[in-house]
Undergrad: 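To start, I am sharing the structure in question, which I have written as structure tokens.
All chains are named by letter (A, B, ...) in the order of the sequence lines, taking the proteins before the strands, and each is independently numbered beginning at 1.
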Amino acid sequence: MPSGDAILFAQLPGQTVTDLNSHLRERLLAAIADLQLPAEAAGMVRLDPPRNRDHGDVALGAFQLAKLAKQPPPKFAAELAEKIEADDVIESAVATGPFINFKFRRAAMAQQVLTAIQTEAAPYGNAAANDQVVCIDFSSPNIAKPFHIGHMRSTVLGNALCRIHRHLGATVHGINHLGDWGMPFAKMMTAYMHFGDEAKLHESAMRHMFELYKQFEGEAQKNPDLLQEAADHFKNLESGEDNVERRMWQMLRDESLKAFQGPYSRLGVTFDHITGESFFEDKMDDAMKRVEAAGVLEESEGAQVVTLKEFGIKVPCLLRKRDGTTLYHTRDLAAAFYREREFSPTRILYIVGSEQKLHFAQLKGVLEKMKEPVANAVEHVPFGLVLSKSPEGKWEKFASRSGNAVFLDEILDQAVAKVRGVIAEKNPDLEDPDAVAEHVGVSAIVFNDLKNGRIKDVKFDWDAMLAFEGETGPYVQYACARLSSILRKVDMPVPGVESIDFALLADAERVLLTMMDFATAVQRAADQSEPSIVTNYTIALAGEIHSYLADHYVVGAESAVRDARLVLVDAARRLLTTGLGLLGIKAPERM
RNA sequence: GCGCCCGUAGCUCAGUUGGAUAGAGCAUCGCUUUCCUAAAGCGAAGGUCGCAGGUUCGAAUCCUGCCGGGCGUACCA
């Protein structure tokens, strides 16, 4: 996997310099060779952004190198800094204590970054295809339950990860591993047989099924026979025969799937494959045979299991129940084999809540015990729960059982309505305000969900969800709208980079430096499966450009300055559009 | 009980894998619009990084032990 700073920028005409950082690195390596340090020194040249950017653009802590040189770090730093002379790219190298702070020439920086952005060279545009194949198993809702706020996380995280990996050149298979099999579906079926209403189902499948879900849970408490009935229905369903259960399953599945299209299209989420658990119905026998052939299957209390003690997992992995039916594990195992055969993935990411950590540890453990190479690709990407505030003010898990689930549609509608109000107040002349409100409102919710580290629990809070100021989706989108507005107002095409005097952009150094951080942000997001790194990047860039625009006018500026700033504004808009695009959010022209 | 995760400003969170004076947003207080969208910008105030040890030139970050919260712990997914 290439590291961020190894990604090459497009070469400029007549120039051999590639990326600023790699240029600096080369100079440093040459200097180190000059100082006759051992070969391992090369690995110690780590350039990081300084904590405080007033120090410089990038910094090198010379601790390890100094040790190698058998010198006190400050002395060594001074000596090394001395060796780095200014050139076309490097403005200065200054030792302060054990650190060396480097500054790039502003004109060179502007030229490199803005040229790369304008020509859509990687990392700003899509990278050339590489040999990475990434399967992303995401959203995967239990379609017998309503699509509520809890389902949004996997959907939105997975969608962003698909886009991030594609941007980096990977072949991506976005897979919706629908929960359309197993006991939950059998329960829904049973509920429908007892309490269902066809008219209501057609009117709003999701609401009706939610009612049925609640009713079933309530009734089952009083009458445990219902659970047995559901188990029997599942057994009949899994028999493979064309029976009542199968027809009922097909009907309910079709209705739910139709209903789920609503939230998916509003969120702008698409899948490359919709292969639910039922898809693996006829592939589980082969999977079980393969487990058996590997000699790892054991019998325990009438069920078939794989023990995983040697992997430090105390709970055996259960693959077939006493009544002969299969489980979640069985289907995930069959799915792993299927994906291996069809896609030859280098990574399979499962975007599933952290409460299922054990499940995926077991899945990986079984594959490892079988000595299946695909085990190495299996990677659980866990995320935190959605918590709601109880009347006592404590944060607790959303309990859809008690019926306090919040439908995603409701949340989106509220956000859209609020945005509509803001538009009426701030921009009453806006064309097609309803479409803009829909877009900005939905984006606000998505952005909010992608802002914090995924492992953290999300505290569901209407005020935070509907906040449009500060670090929010609308804040970033507003920056895009302002930039677009400027581009419209100047009423001329954006000049090509070859005609620009980049020295005029020295006052935009903070914007330019932030632009340079894009590559590492995207790479880290992919490596760590952490879209929030990109989200926070867009906030940072929007902040810098907002701040810059406050006292740097484009329209009305002297023509050379105007042209240079125009290129900057256009680049910022492009980069924000790309960044938001990686999150599955579109940048509005107006809002 | 055991395993895993989380604990940073009043609130919600960053902190680029161990580096320099721990950063944002919200809320509070003040300022900025004859000029490209004020959903914005600038400033003030706000901290014993849960607690205690340890590792080393250096720890919010790594190790150990506590405390607090959460999740999981085979016939659900």
Side-chain angles (χ1 to χ4, degrees), chain A residues 4 48-52 55 59 61 63 66-67 72-73 96-99 101 140 142 145 179 181-185 187 231 277 300-305 312-323 325 327-329 331-332 352-359 361-362 382 384-385 387 394-397 419 422-423 425-427 430 440 451-453 455-457 459 461 463-464 467-472 474-475 477-479 481-490 517 520-521 523-524 528 532-533 536 539-540 542-543 546-557 569 590-591:
Chain A
D48 294 308
R51 191 173 285 251
N52 183 344
H55 288 132
F63 302 94
K67 201 170 187 178
T96 41
F99 295 93
N101 294 307
S140 309
N142 222 305
K145 293 182 190 174
W181 204 247
M183 278 302 283
F185 220 89
K187 285 184 191 173
E277 293 186 65
S300 171
E301 297 171 32
Q304 295 182 319
V305 306
I313 301 169
K314 287 184 183 142
V315 192
C317 180
L318 187 60
L319 290 174
R320 202 185 281 283
K321 292 188 264 188
R322 226 181 331 233
D323 70 0
T325 56
L327 294 108
Y328 185 25
H329 272 123
R331 295 184 278 279
D332 259 341
V352 181
S354 58
E355 67 271 26
Q356 292 194 38
K357 265 197 148 169
L358 177 61
H359 168 81
Q362 288 175 317
L385 300 161
L387 306 177
K394 273 190 69 177
W395 288 106
E396 53 190 33
K397 192 177 175 176
V419 171
V422 176
I423 290 173
E425 183 196 329
K426 309 209 185 229
N427 198 355
L430 185 67
V440 173
K451 191 171 64 135
N452 295 340
I455 205 67
K456 298 243 172 165
D457 289 342
K459 289 154 187 160
D461 176 2
D463 291 340
F468 299 149
E469 283 163 24
E471 298 172 336
T472 64
Y475 174 83
Q477 292 190 311
Y478 179 65
R482 280 184 75 185
L483 294 165
S484 299
S485 170
I486 292 170
L487 294 169
R488 280 194 301 273
K489 286 262 158 68
V490 290
D517 291 339
T520 21
Q523 190 61 53
R524 285 175 57 225
Q528 300 171 27
S532 68
I533 295 172
N536 285 302
I539 292 171
H546 263 140
S547 184
Y548 180 78
L549 291 178
D551 43 26
H552 296 86
Y553 278 77
V554 179
V555 177
V569 162
R590 295 181 167 86
M591 65 185 269

Undergrad: On RNA chain B, check which nucleotide each of A464(A) and R590(A) is closest to and give me the residue with the more 5' one.
TA: A464(A)

Undergrad: Is there aromatic stacking of Y328(A) on C76(B) here, judged by a ring-centre distance under 5.5 Å and a plane angle under 30°?
TA: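 It does not: the two rings, one from Y328(A) and one from C76(B), miss the stacking criterion.
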
Undergrad: Tell me: CD of Q528(A) to P of U17(B), nearest whole Å?
TA: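 To the nearest whole Å, that distance equals 9 Å.
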
Undergrad: Report the distance from atom NZ of K489(A) to atom P of C35(B), rounded to the nearest whole Å.
TA: 11 Å

Undergrad: Any heavy-atom pair between the side chains of W181(A) and R331(A) that's under 4.5 Å?
TA: yes

Undergrad: Just how far, in rounded Å, is P of G15(B) from CD1 of I533(A)?
TA: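 In whole Å, G15(B) P lies 7 Å from I533(A) CD1.
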
Undergrad: Among U12(B), U73(B), A14(B), which is the nearest nucleotide to the side chain of L358(A)?
TA: U73(B)

Undergrad: Suppose you measure atom C1' in U56(B) against the same atom in G18(B); what distance do you get, rounded to whole Å?
TA: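 To the nearest whole Å, 10 Å.
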
Undergrad: As a check on the pairing definition, encode RNA chain B in dot-bracket form, counting Watson-Crick and G-U wobble pairs whose two distances are under 3.5 Å, and using | for partners outside this strand.
TA: (((((((..((((.....[...)))).(((((.......))))).....(((((..]....))))))))))))....

Undergrad: Mark this stacking check for H55(A) against A20(B) as yes or no, applying ring centres under 5.5 Å and ring planes under 30°.
TA: yes

Undergrad: Looking only at non-hydrogen atoms, find the nearest pair between N427(A) and M591(A) and report the distance.
TA: ND2-O, 2.6 Å

Undergrad: What's the gap between G1(B) and C26(B) when it is taken at their P atoms, as a whole Å value?
TA: 43 Å

Undergrad: To the nearest 0.5 angstrom, please state how far the CD1 atom of I423(A) sits from the CD atom of E425(A).
TA: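 Atom-to-atom, I423(A):CD1 and E425(A):CD are 11.5 Å apart.
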
Undergrad: With a cut-off of less than 4.0 Å, is there a side-chain N or O of K456(A) near OP1 or OP2 of A14(B)?
TA: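 Indeed, a polar side-chain atom of K456(A) lies that close.
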
Undergrad: Can you check U16(B) for me, syn or anti if syn means within 90° of 0?
TA: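 Anti, which is what one calls it when the glycosidic angle falls more than 90° from 0.
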
Undergrad: Which value, in whole Å, describes the distance between the P atoms of nucleotides G53(B) and G46(B)?
TA: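 27 Å, rounded to whole Å.
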
Undergrad: What's the CH2-P distance between W181(A) and C76(B), to the nearest Å?
TA: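 Spelled out: CH2 on W181(A) to P on C76(B) is 16 Å.
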
Undergrad: In whole angstrom, give the distance that lies between atom CD of Q477(A) and atom P of A40(B).
TA: 13 Å

Undergrad: Among C36(B), U17(B), U73(B), which is the nearest nucleotide to the side chain of I486(A)?
TA: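 The answer is C36(B), which lies nearest to the side chain.
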
Undergrad: Would you measure the distance from the P atom in G10(B) across to the matching atom in C5(B) and give it in whole Å?
TA: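 Roughly 27 Å separates the two P atoms.
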
Undergrad: Return the 5'-most residue of the pair G543(A), P98(A) with respect to RNA chain B, ranking by each residue's nearest nucleotide.
TA: P98(A)

Undergrad: Is any side-chain nitrogen or oxygen of R482(A) closer than 4.0 Å to OP1 or OP2 of A38(B)?
TA: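 Yes, such a contact exists.
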
Undergrad: Does K357(A) put a side-chain nitrogen or oxygen below 4.0 Å from OP1 or OP2 of G72(B)?
TA: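 For G72(B), OP1/OP2 do not have a side-chain N/O of K357(A) under 4.0 Å.
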
Undergrad: Looking at K314(A), I'd like to know whether one of its side-chain N or O atoms comes within less than 4.0 Å of OP1 or OP2 on A74(B).
TA: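 False: K314(A) side-chain N/O out of range (4.0 Å or more) of A74(B) OP1/OP2.
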
Undergrad: Is R331(A) near enough to A77(B) that one of its side-chain N or O atoms lies under 4.0 angstrom from OP1 or OP2?
TA: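 R331(A) to A77(B) OP1/OP2: side-chain N or O found under 4.0 Å.
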
Undergrad: Counting side-chain heavy atoms from CB outward, which of A60(B), A77(B), C6(B) is closest to R51(A)?
TA: A60(B)

Undergrad: Assert yes or no for the condition that the ring centre distance of H359(A) to Y328(A) is strictly below 6.0 Å.
TA: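 Yes, the ring centres sit under 6.0 Å apart.
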
Undergrad: Within this structure, what is the CG-to-C1' distance between D323(A) and A74(B), rounded to whole angstrom?
TA: 14 Å

Undergrad: With the six-membered base ring of A20(B) as reference, does the ring of F99(A) sit under 5.5 Å away with planes under 30° apart?
TA: yes

Undergrad: Could you tell me how far U73(B) sits from U16(B) if I compare only their C1' atoms? Round to whole Å.
TA: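 About 36 Å, rounded to a whole number of Å.
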
Undergrad: Where the side chain of Y553(A) is defined as all heavy atoms beyond and including C-beta, which of A39(B), C75(B), C35(B) is the nearest nucleotide?
TA: C35(B)

Undergrad: Taking only the side-chain heavy atoms of L385(A) (C-beta and beyond), determine which of G70(B), A77(B), U17(B) contains the nearest atom.
TA: G70(B)

Undergrad: Rounding to an integer number of Å, can you tell me how far E355(A) CD sits from C6(B) P?
TA: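 Interatomic distance, CD of E355(A) to P of C6(B): 15 Å.
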
Undergrad: The side chain of K459(A) is closest to which nucleotide in this list: U12(B), C36(B), C6(B)?
TA: U12(B)

Undergrad: Would you indicate which nucleotide in A39(B), C36(B), A20(B) comes nearest to any side-chain atom of E469(A)?
TA: A39(B)

Undergrad: Please state whether the phosphate of A39(B), meaning OP1 or OP2, lies under 4.0 angstrom from any side-chain nitrogen or oxygen of Y478(A).
TA: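 The answer is yes; a side-chain N or O of Y478(A) sits under 4.0 Å from OP1 or OP2.
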
Undergrad: Taking 5.5 Å and 30° as the limits, would you call Y475(A) and the base of A40(B) a stacked pair?
TA: no

Undergrad: Of all the nucleotides listed (A74(B), A20(B), G25(B)), which has the minimum atom distance to the side chain of A59(A)?
TA: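 So the nucleotide nearest the side chain must be A20(B).
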
Undergrad: Hey, is the side chain of S547(A) poking within less than 4.0 Å of OP1 or OP2 on C42(B), counting only N and O atoms?
TA: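 Answer is yes, contact under 4.0 Å.
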
Undergrad: Could you tell me how far apart H546(A) (NE2) and C36(B) (P) are, to the nearest whole angstrom?
TA: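 About 14 Å, once rounded to whole Å.
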
Undergrad: Which listed nucleotide (C75(B), U17(B), A39(B)) is nearest to the side chain of K426(A)?
TA: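 That would be A39(B).
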
Undergrad: Rounded to whole angstrom, note down the C1' distance from A60(B) over to C49(B).
TA: 5 Å

Undergrad: I'd like the C1' distance from C57(B) over to G50(B), given in whole Å.
TA: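 28 Å, rounded to whole Å.
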
Undergrad: Distance check, P atoms only: C13(B) and U55(B), in whole angstrom units.
TA: 35 Å

Undergrad: Name the closest nucleotide to the T96(A) side chain, picking from U16(B), A20(B), A74(B).
TA: A20(B)

